[in-house]
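These notes concern the structure reproduced below.
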There are 2 protein chains.
Amino acid sequence: MEIMIDVDQVANLAQVSRATVSRAFTRPDLVNAKTRERVLEIANQLGYQPNQLASALRRGQSQSIGLIISDVLNPGNAMLVKGVQDAAAKRDYTVFMFNTDEDSDKERKALESLRSHMPQGLIIMPTAGAQENLSLVGNLPVIELDRASGIKGAHTVMVDNTGGSRIAVQHLTKLGHKRIGMVAGSLDISTAVERHAGYQQALAEAGIPYQANLVQIGNHREDGGRLAAQNLLSRPASERPTALFVGNNEMTIGAIFAARDLGLRIPEDLSIVGFDDSRWAKLLQPSITVVAQPAYELAYLACETLLDRLERGRTQKPIQIRLATNFIQRFSTAAPIEEEREKKKEKR
Amino acid sequence: MEIMIDVDQVANLAQVSRATVSRAFTRPDLVNAKTRERVLEIANQLGYQPNQLASALRRGQSQSIGLIISDVLNPGNAMLVKGVQDAAAKRDYTVFMFNTDEDSDKERKALESLRSHMPQGLIIMPTAGAQENLSLVGNLPVIELDRASGIKGAHTVMVDNTGGSRIAVQHLTKLGHKRIGMVAGSLDISTAVERHAGYQQALAEAGIPYQANLVQIGNHREDGGRLAAQNLLSRPASERPTALFVGNNEMTIGAIFAARDLGLRIPEDLSIVGFDDSRWAKLLQPSITVVAQPAYELAYLACETLLDRLERGRTQKPIQIRLATNFIQRFSTAAPIEEEREKKKEKR
DNA sequence: TAATGACTTGCAATCGTTTGCAGAGTATAC
DNA sequence: GTATACTCTGCAAACGATTGCAAGTCATTA
């Protein structure tokens, strides 16, 4: 990399000034067609590429954006990363990625670090403390991805969590389930709140009273889901939920393990619906019914929206996009056993 | 972000020169304790942070490294990303990540784009065309992660693919399998070659002749694995392998589907061992026996190695690190059925 | 008292681009 | 032939930090 060649070298060989070389790249219309060709030809031969750092410094535009995500290890988030990267690459932007691991402090550090790189915009999946942290970035254009920080007037690109959850739980009520448990995420995260709301709506619609003790909060990870599900499933059969709606992919794994630990068969003894699709949901036997999110599209769209905004200038109204979720019925749900018995009685 | 404050603003308020402010941050020993404190105090109040771009430009050191990986969506790769990021963050380096999707052209583009950001080093999971592409980066310090590009004298940090595969296949031969198939990756990738070599070694040790037609090449993805496995498993029972060793995680999924399609029970009719551990390998019933890779550690180590090299200067000899794999025996393998019969005969 | 040295600080050049301004050259209109 | 417009190019000043060099202060030493 010590062999970097700069404008001057190209300029010398092409017998023009530094300025002309620069313009040949950035304002082709301003330079004579012949000279431009000559310059580009020589630049190409030498393998010249404008130094982004210098260019960004001078223009005050870095041609890069920041991406702050909670954890790449979650396959759903990896999708988000990919979507953003692809959209950015398509328009020749570079992305700086940081992981917060759901930790507000790491988020603040990431923002500080990011700031000194002069990104032109930011896509963030905010942690619970984002509201405060985001003041650090001044008036940098920000798009909140997947969740909302709660900042008023923020631009957001999210899925319809409430609607998705509602359909999932409707599916369960239609099967005849009356005691439907939920393993919810921590309620300081907007997605968790919305999914919980969808659960409540579907219950209400089915005329089933909401029982707070059927909702357990997990920590968004496998162990949290397992604990929460254990709590719900180890109750005596008459109080035990016959179906479980789980608020994200990792916790669904925990819930499945909990069911297995207790010897509950899926779907005979317990119906399960999870939020987020995944490799294993398709692969398991029985495969798991889920609310799938268009994660890639979501992220791609968020990035495009951000870049549009950067290039077309500020918009007056906050952008707030919601993408629909996709309910995928597989084989982890069935009518509850009591229900079966009642049907048999009726037939006689 | 338009509210960026620069050295001069701090300098003015602190009644010192620009130079002193800069030195207060970068060479604290060179400035009087009292002034330094005053400067830092004021800088802190204003929320001043040195502009990385300007700093990098002037010093010729960007405090950043590049990371080029084939695809974040593969959970194994996501681990690599996390490992590199964590190691880099710990030492205040920023990482530029690019995906190649195993496409040589994208790799070249990534390298070009990277170059203009003046990274100080590069960690790359090379594609098949990397040997050529890497000439683009001049003498930038590079570490090859997970695979080798084939460039002589390159620095590499990889796992012991051959040894790991050998143990996996030994496990199968010890169970009594004679016809062991392999779904291998494309042989222009070093890991695929090495894993295939381990397979051959284990067969040789068990006195089983190598049969080329028991080895099918897949494309590293699920569909490729499925096709390859279908080919092997749809043969008449007398020619069909009783066990399968699959070269990576995605293809293992394909192989499992292929087995299911053909109504083969695991492990009764078919034993399976995969390379790479994963969520679903633990979760499936039966859970899948695998060769696990220390992906996070591998990446962390690769990044540390690179940064050490950057800070301590060039090393004379190429660094070549191999980490051991971990064989995890689960429930997807068993003795072949013929073997069982023979045992019963012996008992009489 | 003058000289030596240690310790601080500031000046100004520099990193590689971009770009406002002005000047040179050519073409068009009167 | 002169005025006007237009096209193209170069000069030199930025962008925001770092750093070699020189100069200033002060204490110590001969």
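Below, chains carry the letters A, B, ... as their sequence lines are ordered, and counting in each starts from 1. Just so it is clear, the model here is predicted, and its values are computed rather than measured.
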- prompt: For A:D8 and D:dG10, what is the distance between atoms CG and P respectively, to the nearest whole Å?
  reply: 12 Å

- request: Mind calculating the distance between CZ (A:R27) and C1' (D:dG10) to the nearest angstrom?
  value: 17 Å

- prompt: Does B:S186 offer a backbone N or O that forms a donor-acceptor pair with the side chain of B:H220 under 3.5 Å?
  reply: yes

task: Determine the contact category for A:F25: base if any of its heavy atoms lies under 4.0 Å from a base atom, sugar-phosphate if only primed atoms, P, OP1 or OP2 are that close, otherwise nothing.
output: nothing

statement: Rounded to whole Å, the CG-P distance (A:L30 to D:dT7) equals 10 Å

message: Taking only side-chain N and O atoms of A:T20, does any of them lie within less than 4.0 angstrom of OP1 or OP2 on D:dG10?
response: yes

message: What I want to check is whether an N or O donor and acceptor connect the side chain of B:R58 with the base of C:dG16 at under 3.5 Å.
response: no

- request: May I ask you to decide whether B:R18 forms a salt bridge with B:D6, counting only side-chain N to carboxylate O separations under 4.0 Å?
  value: no

- prompt: Rounded to the nearest 0.5 Å, how far does CG of B:L53 lie from OG of A:S116?
  reply: 8.5 Å

message: Taking any heavy-atom pair under 4.0 Å as a contact, classify B:R18: base, sugar-phosphate, or nothing.
response: base

Plane angle bin for B:Y300 and B:Y296 - parallel if under 30°, tilted between 30 and 60°, otherwise perpendicular: tilted

- prompt: Rounded to the Å, how far apart are B:R59 CZ and D:dT18 P?
  reply: 7 Å

message: Within the 4.0 Å heavy-atom criterion, would you say B:V21 contacts the bases, only the backbone, or no part of the nucleic acid?
response: nothing

task: Tell me whether the OP1 or OP2 atom of C:dT9 has a side-chain N or O from B:T35 closer than 4.0 Å.
output: yes

message: Please determine whether a side-chain nitrogen of the Lys or Arg among A:R91 and A:D308 lies less than 4.0 Å from a carboxylate oxygen of the Asp or Glu.
response: yes

task: Whole angstrom is fine here: how far is it from CZ in A:R38 over to C1' in D:dT9?
output: 12 Å

field: Euclidean distance, atom CG of residue A:N32 to atom P of D:dC6 [Å, nearest integer]
entry: 18 Å

task: For C:dT18, take OP1 and OP2 only and decide whether either is under 4.0 Å from a side-chain N or O of A:S55.
output: yes

query: Which whole-number value in Å describes the distance from A:N51 CG to C:dC15 P?
result: 12 Å

message: For a quick check of understanding: with a heavy-atom distance under 4.0 Å over all strands, which category does A:R23 fall into, base, sugar-phosphate or nothing?
response: base

- request: Measure from the side chain of A:S17, starting at C-beta and using heavy atoms only, and say which of C:dT17, D:dC11, C:dG10 lies closest.
  value: D:dC11

- prompt: Whole-Å distance between C:dG16 C1' and B:L53 CG?
  reply: 12 Å

